Q: 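Submitted below is the structure of interest, expressed as structure tokens.
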Amino acid sequence: MKELLELQKETEMQLITIDELKVIDEMWDADGDLERRHLVDIYFDVMDERLPWDQYKVPMYHSEIVGEIERVAQKYNLEPELMEKLIVSVDKNKHYTRSNAIKKEVTRIINQEWLHQDSLPEGEA
């Protein structure tokens with residue numbers, strides 16, 4: 001994203017629209033951006049201006065908590081992105097009365113080849 005925006009700024013050609021950026025931002029939020037600021041911060045760093053929705057981007061978790069999640073993931077030899085995806089998934093499904101929805105989503109995420117077989121016993125403990 002950063003390289004695309006840098007190229008857009010350098011060439012003064014519109015390579016990506018604001019509407020496309022909005023969709024990407026929503027996708028990143030749904031995909032595990034716990035601070036929910038990555039895209040708007042990248043845009044500001046490169047373009048030196050704020051996206052129209054920048055002020056409404058409230059973090060799901062603040063940087064201290066995200067840092068703690070990353071430390072726990074490292075301690076158990078897990079990818080921080082896996083932890084973030086699981087947290088976002090549980091949050092997204094927390095209002096469903098059927099616990100089956102969360103189980104299915106967690107199983108789907110874990111089955112995306114995140115875990116190595118040798119880390120399963122340690123993770124189960």
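Each residue takes its place number in the sequence, starting with 1. What you are looking at is a predicted structure, and each value in this text was computed from that prediction instead of being measured.
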Q: Go through the structure and list residues passing side-chain hydrogen bond (donor to acceptor under 3.5 Å, both in side chains) with E20, not counting sequence neighbours.
A: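 In terms of side-chain hydrogen bond (donor to acceptor under 3.5 Å, both in side chains), with neighbours along the sequence ignored, E20 is linked to T17.
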
Q: For a 4.5 angstrom cut-off between non-hydrogen side-chain atoms, does I18 reach Y43?
A: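 Contact flag for I18/Y43 side chains = yes.
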
Q: Run the side-chain hydrogen bond (donor to acceptor under 3.5 Å, both in side chains) test against R36 and tell me which residues pass, sequence neighbours left out.
A: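 Applying side-chain hydrogen bond (donor to acceptor under 3.5 Å, both in side chains) to R36 gives none.
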
Q: Treating Ile, Leu, Val, Met, Phe, Trp and Tyr as nodes and any side-chain heavy-atom pair under 4.5 angstrom as an edge, say whether L51 and V58 lie in one connected cluster.
A: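 Each belongs to a different hydrophobic cluster.
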
Q: With sequence neighbours left out, what residues match T107 under side-chain contact (heavy atoms from CB on, under 4.5 Å)?
A: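 T107: side-chain contact (heavy atoms from CB on, under 4.5 Å) contacts with N111.
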
Q: Test side chain to side chain contact (heavy atoms under 4.5 Å, CB included) on W53 and K22 and set out the steps.
A: CA-CA 8 Å; W53 62 91; K22 181 69 174 161; 3.6 Å; yes

Q: Please go through V23's hydrophobic cluster and name the other residues, only I, L, V, M, F, W, Y counting, with side-chain heavy atoms under 4.5 Å joining them.
A: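 Same cluster as V23: M27.
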
Q: List the residues meeting side-chain contact (heavy atoms from CB on, under 4.5 Å) with E12, not counting sequence neighbours, and say none if there are none.
A: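 Scan of E12 (side-chain contact (heavy atoms from CB on, under 4.5 Å), adjacent residues dropped) gives none.
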
Q: Can you sort out the partners of E35 under side-chain contact (heavy atoms from CB on, under 4.5 Å), two or more places apart, ordered by chain and number?
A: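 Scan of E35 (side-chain contact (heavy atoms from CB on, under 4.5 Å), adjacent residues dropped) gives D33, S63, V66.
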
Q: Is there a side-chain contact between M60 and D91 (heavy atoms, below 4.5 Å)?
A: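 The answer is yes, as the side chains (C-beta and beyond) meet within the 4.5 Å cut-off.
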
Q: For the pair R37 (side chain) and D54 (backbone), establish whether a donor and an acceptor sit closer than 3.5 Å, ignoring hydrogens and angles.
A: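 At least one qualifying donor-acceptor pair exists.
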
Q: Is any side-chain heavy atom of E79 less than 4.5 Å from a side-chain heavy atom of M83?
A: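 Not in contact.
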
Q: Mind checking what makes salt bridge (Lys or Arg N to Asp or Glu O under 4.0 Å) contact with E84, not counting sequence neighbours?
A: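 Counting only residues at least two positions away or on another chain, E84 forms no salt bridge (Lys or Arg N to Asp or Glu O under 4.0 Å).
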
Q: Can you list everything that forms a side-chain hydrogen bond (donor to acceptor under 3.5 Å, both in side chains) with D45? Sequence neighbours excluded, please.
A: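 side-chain hydrogen bond (donor to acceptor under 3.5 Å, both in side chains) list for D45, sorted by chain: empty.
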
Q: Can you pull the salt bridge (charged side-chain N to carboxylate O under 4.0 Å, His left out) pairs that have at least one residue in residues 58-73, sequence neighbours excluded?
A: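 Every pair satisfying salt bridge (charged side-chain N to carboxylate O under 4.0 Å, His left out) with a residue in residues 58-73: E68-R71.
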
Q: Could you check whether any side-chain heavy atom of Y56 comes within less than 4.5 Å of a side-chain heavy atom of V40, counting everything from C-beta outward?
A: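 The answer is no; the side chains never approach within 4.5 Å.
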
Q: Could you name each residue pair satisfying side-chain hydrogen bond (donor to acceptor under 3.5 Å, both in side chains) that touches residues 1-10, not counting sequence neighbours?
A: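 For residues 1-10: none.
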
Q: Apply the test side chain to side chain contact (heavy atoms under 4.5 Å, CB included) to residues V90 and L86: give CA-CA distance (whole Å), side-chain angles for both, the deciding distance (0.1 Å), then the verdict.
A: CA-CA 6 Å; V90 169; L86 290 170; 5.5 Å; no

Q: Can you name the side-chain hydrogen bond (donor to acceptor under 3.5 Å, both in side chains) partners of D29, sequence neighbours left out?
A: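 With sequence neighbours excluded, D29 shows a side-chain hydrogen bond (donor to acceptor under 3.5 Å, both in side chains) to K57, given in chain and number order.
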
Q: Taking everything shown except E26 itself, do over 12 heavy atoms lie less than 6.0 Å from its CD?
A: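 Check passes, neighbour count above 12.
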
Q: Which residues pass the side-chain contact (heavy atoms from CB on, under 4.5 Å) test with I24, sequence neighbours left out?
A: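 Partners of I24 under the side-chain contact (heavy atoms from CB on, under 4.5 Å) test: M1, I16, W28, L39.
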
